[in-house]
Amino acid sequence: MSAYKIAIAKGDGIGPEIMEAVLRIFDAAKVPLSYETIDMGKSIYDKGFSSGMTPEAKETVERLGVLFKGPMETPKGTGVKSINVTARKTWSTYANRRHFRSINGVDTVFSKAGIPIDLTIVRENIEGTYGGVEHMLTPDVALCRRFITRPGSLQVHKFAFEMARKEGFKKVTCAHKANIMKLTDGLFLETFYEVAKDYPEIESNDIIVDDLAMKLVSRPQLFDVVVLTNLQGDIMSDLCAGLVGGLGFAPSANIGENISIFEAVHGTAPDIMGKNMANPTALLLSGFMLLRHLSLMEHANLIENSLLKTLEDGNHTGDFGDRNIPSLNTTQFTDAIIANLGKVPSTGQARESKSTSTFHLPVKPVHQKVMLAAHGNQVEKIVGIDIFFESSMIANDIAPILLNHVKPGFKLVMIANRGTQVWPVGSLFTECVDQYRGRFETTDGSATTIIEMIRLSEAVAANFNVASIEILRYFNDKPGYSLAQGQ
Ligand code: NAI
């Protein structure tokens with residue numbers, strides 16, 4: 001009897017081969033799931049759906065709440081967005097959970113040194129530079145906006161601590177770059193400690209992300225759960241994949257309030273597509289996360305033990321393992337796992353985890369867009385404007401022109417180029433591009449209005465090609481903008 005029905009998208013490249021392998025193992029283990037197969041990815045882009053998914057596929061996932069997907073190809077250079085990122089963002093799967101654990105039979109530098117790896121990365125999955133909000137400000141200057149929000153950060157931190165509490169993790173570490181990106185990563189870090197207060201039994205600490213990179217390769221055993229912003233989390237989790245044997249062993253779960261997506265971290269491997277050579281392990285490990293999400297603990301443990309036994313015995317596909325033992329093709333490797341169902345490895349058995357899922361069927365109906373807002377009683381005051389404009393003049397020649405537009409009660413505070421102040425003081429050694437930022441503020445820090453600031457930018461636009469503006473605000477007497485380097 002099927003406990004649940006889930007959506008399956010086989011994906012592109014090796015996707016159908018590894019998905020078939022995993023579903024064959026699920027069937028052999030009598031996993032009580034039934035499937036509704038949907039089309040997403042390359043074939044759908046080719047049919048003219050620029051989002052990479054059809055309305056029917058979208059409806060199926062929104063009805064079933066769980067998508068198990070193979071890797072999907074994003075056509076290069078056609079301007080379409082990655083279906084993988086679109087799916088994660090559309091369905092608000094805000095927490096990307098990735099496990100990295102040493103496996104007997106998968107040799108790495110660390111396994112040879114006798115250092116076991118067992119850590120979990122929780123990556124914020126919606127925001128950061130993956131907001132994908134990019135603009136060319138001049139033909140030479142591209143800008144990417146990096147969104148870090150309070151509600152988005154709270155969500156992912158709560159997920160990490162809740163997971164730690166339910167599954168017995170001892171420590172949660174927040175990795176960040178708040179020493180440099182004081183407002184964005186600063187907000188991510190501040191919300192981390194806000195959430196940590198509600199979980200006193202779990203040790204919490206933070207680390208600068210470059211230090212994390214160094215320590216992950218020198219002392220990985222220092223970490224248990226690490227929570228990061230989107231891009232930093234993406235990079236660090238691939239580093240962790242390297243610690244345990246590569247992308248062939250990196251599973252991933254994208255968890256949201258209503259919908260969750262399970263997939264391998266690797267791509268479509270077009271170089272080995274159709275050759276029956278692909279390693280299905282990463283997708284199978286993602287499948288364990290899916291089964292545990294659905295509280296199918298016994299099935300997850302049964303299959304995980306058979307996989308671990310299969311690997312421990314030296315079975316391997318061509319991409320890893322002992323070169324002295326002939327490699328198996330995808331079909332043979334899958335058969336070996338099925339033959340081992342019911343057996344357990346001599347060491348490192350499947351972790352007996354409790355059900356941690358908050359998942360419930362049917363998917364909670366959503367009748368209107370969900371608004372995430374958490375700012376409470378903030379007093380907001382507008383004190384100025386940053387105007388981004390194009391010019392190939394030097395800053396000392398630009399300043400008199402900008403100063404012409406300054407009305408009584410306002411001042412031109414500085415001119416910056418690529419984030420570094422170049423006027424009123426700067427260095428001749430600061431190389432500039434043709435994109436400047438002029439910062440105007442009220443002389444005494446008193447409030448002004450948006451209309452007043454837009455008028456000022458209109459005036460500046462009479463002399464310069466204005467690309468964008470940013471209003472300068474105080475929130476509860478704290479500036480909501482950063483200083484330029486050198487200001
Ligand atoms: P890739 O992960 O597909 O391949 C990198 C290398 O790893 C290749 O040599 C490949 O043969 C090998 N490899 C990957 N998975 C393997 C497996 N299961 N068994 C054996 N060998 C394996 O990365 P690449 O080449 O950068 O990307 C190819 C395509 O995949 C692109 O179109 C990209 O957009 C897409 N992609 C999709 C992802 C997803 O659906 N989540 C993630 C990453 C890439």
Side-chain angles (χ1 to χ4, degrees), residues 7-23 25 38-46 51-53 57 61 67-91 93 96-98 103 106 121 123 125 130 132 230-231 233-235 237-242 244-254 260-287 289-290 307 310-311 315-321 323 327-334 337:
I8 297 275
K10 292 182 180 165
D12 304 314
I14 58 168
E17 299 164 54
I18 55 175
M19 185 60 82
E20 195 217 299
V22 171
L23 296 187
I25 297 166
I38 57 170
D39 287 325
M40 288 168 74
K42 185 173 183 323
S43 60
I44 300 303
Y45 286 117
D46 291 348
S51 68
M53 68 174 118
V61 174
L67 170 63
F68 192 24
K69 68 177 275 295
M72 291 172 190
E73 181 184 327
T74 304
K76 290 196 185 85
T78 53
V80 297
K81 294 262 191 181
S82 154
I83 177 66
N84 304 305
V85 179
T86 302
R88 290 172 208 154
K89 289 169 67 95
T90 306
W91 293 315
T93 63
N96 180 211
R97 172 179 179 168
R98 297 180 177 184
I103 299 177
V106 183
I121 297 275
R123 161 193 172 199
N125 220 12
Y130 283 63
N230 206 337
L231 177 62
D234 197 11
I235 297 168
S237 53
D238 271 24
L239 187 153
C240 293
V244 294
L247 286 179
F249 300 91
S252 140
N254 305 279
S260 296
I261 306 170
F262 298 83
E263 60 183 338
V265 171
H266 64 70
T268 59
D271 48 335
I272 55 165
M273 162 191 178
K275 295 184 179 162
N276 200 20
M277 285 168 65
N279 176 4
T281 307
L283 189 66
L284 185 59
L285 293 170
S286 314
M289 296 174 93
L290 183 156
L307 169 73
T310 307
L311 294 169
N315 297 295
H316 65 93
T317 46
D319 54 309
F320 75 100
R323 301 274 163 224
S327 62
L328 303 180
N329 64 30
T330 313
T331 313
Q332 294 164 329
F333 185 70
T334 307
I337 297 170

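Just follow the structure's listing: the first ligand is 1, and inside any ligand the first atom is 1. Start at 1 with the first residue, then count along the sequence.
Among all protein heavy atoms, the one lying closest to atom 35 (C) of ligand 1 is Met72 O, 3.6 Å. The protein heavy atom nearest to atom 34 (O) of ligand 1 is Thr74 N, 3.7 Å. For atom 39 (C) of ligand 1, the closest non-hydrogen atom of the protein is Asn84 ND2, 3.2 Å. Regarding atom 13 (N) of ligand 1, its nearest protein heavy-atom neighbour is Ala269 CB, 3.9 Å.
Looking at Asn279 against ligand 1, both its backbone and its side chain come within 4.0 Å, counting heavy atoms. Contact annotation for Thr268 and ligand 1: heavy atoms of both the backbone and the side chain come within less than 4.0 Å of the ligand. Here Glu263 has side-chain heavy atoms under 4.0 Å from ligand 1, and that is the only part of it that gets that close. In Pro270, the part holding a heavy atom less than 4.0 Å from any atom of ligand 1 is the side chain. Residue contacts with ligand 1 for Ile14 involve side-chain atoms from C-beta outward but no N, CA, C or O (heavy atoms, distance under 4.0 Å).
Here the side chain of Asn84 pairs no donor or acceptor atom with the backbone of Pro71 at under 3.5 angstrom. Side-chain atoms of Asn315 come within 3.5 Å of backbone atoms of Thr310 as a donor-acceptor pair (strictly under, hydrogens ignored).
Distance screen at 4.0 Å: atom 24 (P) of ligand 1 has no protein heavy-atom neighbour inside the cut-off. Remark: atom 32 (O) of ligand 1 lies closer than 4.0 Å to at least one protein heavy atom. Distance check for atom 5 (C) of ligand 1: every protein heavy atom is found at 4.0 Å or beyond. Atom 43 (C) of ligand 1 lies below 4.0 Å from at least one non-hydrogen atom of the protein.
To the nearest 0.5 Å, the span separating CD1 on Ile83 from CD1 on Ile44 amounts to 9.0 Å. Between atom CE of residue Met40 and atom OG1 of residue Thr86 there is a gap of 8.5 Å, rounded to the nearest 0.5 Å. How far CG of Leu311 is from CD1 of Ile337: 7.0 Å, rounded to the nearest 0.5 Å. A distance of 8.0 Å separates CG in Asp46 from CD in Glu73, rounded to the nearest 0.5 Å. Put simply, CG on Leu284 and CG on Leu307 are 5.5 Å apart, with the number rounded to the nearest 0.5 Å.
When the heavy-atom distances from atom 20 (C) of ligand 1 to Ile272, Ile18, Thr330 are ranked, the shortest goes to Ile272. With atom 10 (C) of ligand 1 as the reference point, the heavy atom nearest to it among Ile83, Ile261, Asp271 is part of Asp271.
Across all non-hydrogen atoms, the minimal contact from Lys10 to Met19 is CG-CG, 4.1 Å.
Within the structure, the closest approach of Ala278 to ligand 1 falls below 4.0 Å when heavy atoms are considered. Assignment of Lys69 to the shell around ligand 1 is supported, since a heavy atom sits closer than 4.0 Å.
Within the listing of ligand 1, atoms 20 (C) sit less than 4.0 angstrom from a heavy atom of Asp319.
A cation-pi arrangement is present between Arg123 and Tyr130 under the rule of less than 6.0 angstrom and at most 45 degrees off the ring axis.
Remark: ligand 1 and Glu73 share no N or O pair separated by less than 3.5 Å (distance only, no angle test). Residue Leu247 has no nitrogen or oxygen atom sitting less than 3.5 Å from a nitrogen or oxygen atom of ligand 1, judged on distance alone. Not one N or O of Gly70 is nearer than 3.5 Å to an N or O of ligand 1, by distance alone. Close N/O approach between Gly267 and ligand 1 is found [any backbone or side-chain N/O within under 3.5 Å].
The local environment of NZ in Lys89 is crowded, with over 12 non-hydrogen atoms from other residues, nucleotides or ligands closer than 6.0 Å.
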Evaluation steps, side chain to side chain contact (heavy atoms under 4.5 Å, CB included), between Asn254 and Leu67
CA-CA 10 Å; Asn254 305 279; Leu67 170 63; over 6 Å; no
Mind running side chain to side chain contact (heavy atoms under 4.5 Å, CB included) on Glu263 and Arg88 for me, showing each step along the way?
CA-CA 11 Å; Glu263 60 183 338; Arg88 290 172 208 154; 3.0 Å; yes
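Considering only heavy atoms from C-beta on, Val61 stays 4.5 Å or farther from Lys69 through its side chain.
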